[in-house]
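Worksheet for the structure shown next.
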Amino acid sequence: MGRRRKKVVHIPKKRLPKFFSCPRCGKETVLVEINREEGGQAVAQCSSCGLKEDFQVRPAQSEVDVYCMLTDRVYSALKRTPVTKQKE
């Protein structure tokens with residue numbers, strides 16, 4: 001008689017997404033490209049609404065960090081612009 005075999009549970013590794021959600025239009029179409037050869041240039045671009053920003057990145061920063069910088073820049077610009085009410 002043999003022993004029962006234990007069930008092998010495979011835990012999938014979590015991966016970073018290729019596309020992020022756009023802070024302006026809300027669709028998941030923001031692609032972040034990092035070019036480390038040219039002094040650490042990164043471009044975050046939304047293919048839906050055309051939002052495009054360039055960033056300087058350090059060697060330790062990844063695509064998620066660039067996406068966070070994009071959202072910070074967009075939301076801080078929205079805070080700075082005052083909303084004016086139109087009189088009827």
Side-chain angles (χ1 to χ4, degrees):
M1 285 183 70
R3 290 190 296 181
R4 279 193 180 176
R5 290 183 147 206
K6 289 186 178 180
K7 215 179 216 184
V8 178
V9 178
H10 294 285
I11 300 172
K13 293 184 179 179
K14 294 184 180 181
R15 297 182 183 151
L16 294 175
K18 300 250 186 236
F19 293 96
F20 300 96
S21 61
C22 180
R24 187 187 293 171
C25 66
K27 297 179 183 176
E28 290 200 17
T29 55
V30 174
L31 180 66
V32 177
E33 296 175 351
I34 297 177
N35 190 357
R36 301 206 188 269
E37 286 86 28
E38 295 182 13
Q41 280 291 105
V43 176
Q45 185 173 3
C46 177
S47 61
S48 178
C49 67
L51 175 68
K52 182 178 178 181
E53 293 288 332
D54 296 325
F55 298 99
Q56 288 290 112
V57 291
R58 297 185 190 111
Q61 290 179 318
S62 66
E63 287 85 4
V64 175
D65 300 318
V66 175
Y67 174 70
C68 289
M69 290 191 291
L70 172 72
T71 56
D72 290 342
R73 188 177 289 183
V74 169
Y75 290 136
S76 67
L78 289 175
K79 278 187 177 180
R80 279 190 233 142
T81 57
V83 178
T84 58
K85 294 182 180 178
Q86 296 178 356
K87 293 183 181 180
E88 294 179 6

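Throughout, residue positions are numbered sequentially from 1 according to the sequence presented. We use all heavy atoms of the structure for the numbers below, so side chains are in, but hydrogens, waters and symmetry mates are not.
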Handout entry: ring-ring contact (aromatic ring centres under 6.0 Å, His included) contacts touching residues 26-66 (sequence neighbours left out)
Key = none

Handout entry: Interatomic distance, Leu31 atom CG to Cys46 atom SG [nearest 0.5 angstrom]
Key = 10.0 Å

Problem - Contacts of type side chain to side chain donor-acceptor pair (under 3.5 Å), residue Glu53, not counting sequence neighbours - result: Arg73

Problem - side-chain contact (heavy atoms from CB on, under 4.5 Å) between Val64 and Leu16, worked out - result: CA-CA 8 Å; Val64 175; Leu16 294 175; 3.5 Å; yes

Problem - Gln61 and Val66, any side-chain heavy atoms less than 4.5 Å apart - result: no

Practice task
For residues 25-52, pull every pair meeting ring-ring contact (aromatic ring centres under 6.0 Å, His included), keeping only residues two or more places apart or in separate chains.
Solution key: none

Exercise for the section: May I have all residue pairs that pass ring-ring contact (aromatic ring centres under 6.0 Å, His included) and include part of residues 32-53, sequence neighbours excluded? Expected result: none

Sequence neighbours excluded and cut-off under 3.5 Å, please list the side-chain donor-acceptor pairs for residues 17-30, or say none.
unit_1 : atom_1 : unit_2 : atom_2 : d
Ser21  : OG     : Tyr67  : OH     : 3.2

Problem - Pairs flagged by salt bridge (Lys or Arg N to Asp or Glu O under 4.0 Å) wherever residues 55-72 is involved - sequence neighbours left out - result: none

Problem - Side-chain heavy-atom pair Leu51, Leu70 within 4.5 angstrom cut-off - result: yes

